[in-house]
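Below is one structure, written out as C-alpha cells, with a few remarks after it.
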Amino acid sequence: TLRSLFGQHGARVPAGRLDQVGGHEVVDLNLDILRTRGPSEPTRLEGRISFEDLDLTWSSFPYPITLLEGALVWRGDTLTLEGPGGSEIVEFSTQSGTLCEAKGFIHLPTDDQQASGLLDLKVVNEPVTRDLVVAMDRLSPEVSDLIEALQLRGALSVTGPVEVDSLGN
C-alpha cells in the first residue's frame with residue numbers, strides 16, 4: 001500500500017488536516033510507483049515534489065525556514081534539492097527574514113538507518129535571537145550555553161557543508 005511505501009521512509013504519522021492550526025503544507029507531488037516483475041521484488045517511489053513558499057521545521061533543529069521555490073527530486077532513497085530552472089540552489093528565508101541558499105541531498109530513513117545527507121548552506125548575517133539559540137541547543141548545547149553565558153548579540157554566518165550520517169551525527 002502507499003502507507004507502507006511511505007512508511008519505509010519514516011512517514012508513519014498522518015500530517016493532519018489542512019485547516020488545523022499547524023496543519024500541513026500543500027505541494028505538487030508527481031511520483032511514479034515502480035516495481036520489477038516477480039515475487040518478493042521491492043516497490044520503489046520516484047519522482048518530483050515541487051514547492052513554493054514551503055514552511056519547514058525539524059524536531060532536531062526547531063527553527064522555522066521557508067523554502068522559496070524549487071523541488072525535491074526523489075530517486076531511490078535520496079531526495080535532491082533542485083532550484084528554479086533546474087539549478088542546484090534552492091533559496092530559503094529564515095524566521096528573521098534572512099535570505100539564504102542550500103544545495104545538496106538527503107538520504108531518507110530506512111528500517112535500520114536514520115535520515116542522512118549533505119547540504120551545502122549559505123547563511124549570511126542571521127540575527128542571533130532567542131529562538132535561534134534554543135534551536136542551536138538541540139545541535140550543540142555547548143555553543144548555545146556559551147552564547148547565553150556571554151550574552152552575545154549580533155549576527156551569525158554559516159557557509160559550507162553540513163553533513164549528517166545515518167547514525168544521526
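These figures come from a predicted structure and were not determined experimentally. Throughout, residue positions are numbered sequentially from 1 according to the sequence presented. Values below: every heavy atom of this structure, side chains too, minus hydrogens, waters and symmetry copies.
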Inset, instruction - Using the rule that two of Ile, Leu, Val, Met, Phe, Trp, Tyr join whenever any of their side-chain heavy atoms come within less than 4.5 Å, decide whether M136 and V162 are in one cluster. - result: yes
Inset, instruction - Please collect all side chain to side chain donor-acceptor pair (under 3.5 Å) contacts where either partner lies in residues 115-127, sequence neighbours excluded, each pair once. - result: Y63-E126, T94-E126, S96-E126, T98-E126
Inset, instruction - Name all pairs fulfilling the salt bridge (charged side-chain N to carboxylate O under 4.0 Å, His left out) condition that reach into residues 132-145, sequence neighbours left out, sorted by first residue then second. - result: none
Inset, instruction - Kindly work out whether a path of hydrophobic side-chain contacts (I/L/V/M/F/W/Y, heavy atoms less than 4.5 Å apart) joins L68 to L56. - result: no
Inset, instruction - Could you check if a side-chain atom of I33 sits within less than 4.5 angstrom of a side-chain atom of L45, using non-hydrogen atoms only? - result: yes
Inset, instruction - Rounded to the nearest 0.5 Å, what's the gap from OG1 on T80 to CH2 on W74? Could you check? - result: 12.5 Å
Inset, instruction - Applying side-chain contact (heavy atoms from CB on, under 4.5 Å), run through V90 and L72 and close with a yes or a no. - result: CA-CA 10 Å; V90 172; L72 292 167; over 6 Å; no
Inset, instruction - Sort and list the pairs that fulfil salt bridge (charged side-chain N to carboxylate O under 4.0 Å, His left out) and have at least one residue in residues 85-95, not counting sequence neighbours. - result: E88-K103
Inset, instruction - Under 4.5 Å between side-chain heavy atoms, chaining through other members, with only Ile, Leu, Val, Met, Phe, Trp and Tyr counted: pull out the rest of the cluster around I89, sorted by chain and number. - result: none
Legend entry - Shortest non-hydrogen contact from P62 toward P64: O-CD, 3.9 Å
Legend entry - Spatial distance of atom OG (S157) from atom CG (L121) [nearest 0.5 Å]: 12.0 Å
Legend entry - Qualifying ring pair (Phe, Tyr, Trp, His ring centres under 6.0 Å) pairs, either residue in residues 79-104, two or more places apart: none
Legend entry - Spatial distance of atom CG (L119) from atom CD (E101) [nearest 0.5 Å]: 13.0 Å
Inset, instruction - Looking only at non-hydrogen atoms, find the nearest pair between L132 and P127 and report the distance. - result: CD2-O, 3.6 Å
Inset, instruction - Apply the side chain to side chain donor-acceptor pair (under 3.5 Å) test between Q95 and each candidate in T66, T57, D131, T129; give the one that qualifies. - result: D131
Legend entry - L79 side, atom CG; R48 side, atom CZ - distance, nearest 0.5 Å: 12.5 Å
Inset, instruction - Drop me the distance from D32's CG to E46's CD, to the nearest 0.5 angstrom. - result: 7.5 Å
Inset, instruction - Check ring-ring contact (aromatic ring centres under 6.0 Å, His included) between F61 and all other residues, then give those that pass, not counting sequence neighbours. - result: none
Inset, instruction - Verify the cluster assignment for V143 and L152: are they in a single hydrophobic cluster under the rule of side-chain heavy atoms below 4.5 Å apart? - result: yes
Inset, instruction - Look at the side-chain heavy atoms of Ile, Leu, Val, Met, Phe, Trp and Tyr, link any pair under 4.5 Å apart, and say whether I49 and F105 land in one connected group. - result: no
Legend entry - Non-hydrogen side-chain atoms of V128 and V133 separated by less than 4.5 Å: yes
Legend entry - Joint cluster assignment, V158 & L81, ILVMFWY side-chain distance < 4.5 Å: yes
Legend entry - Minimum heavy-atom distance P161-L118, with the two atoms named: CB-CD1, 3.7 Å
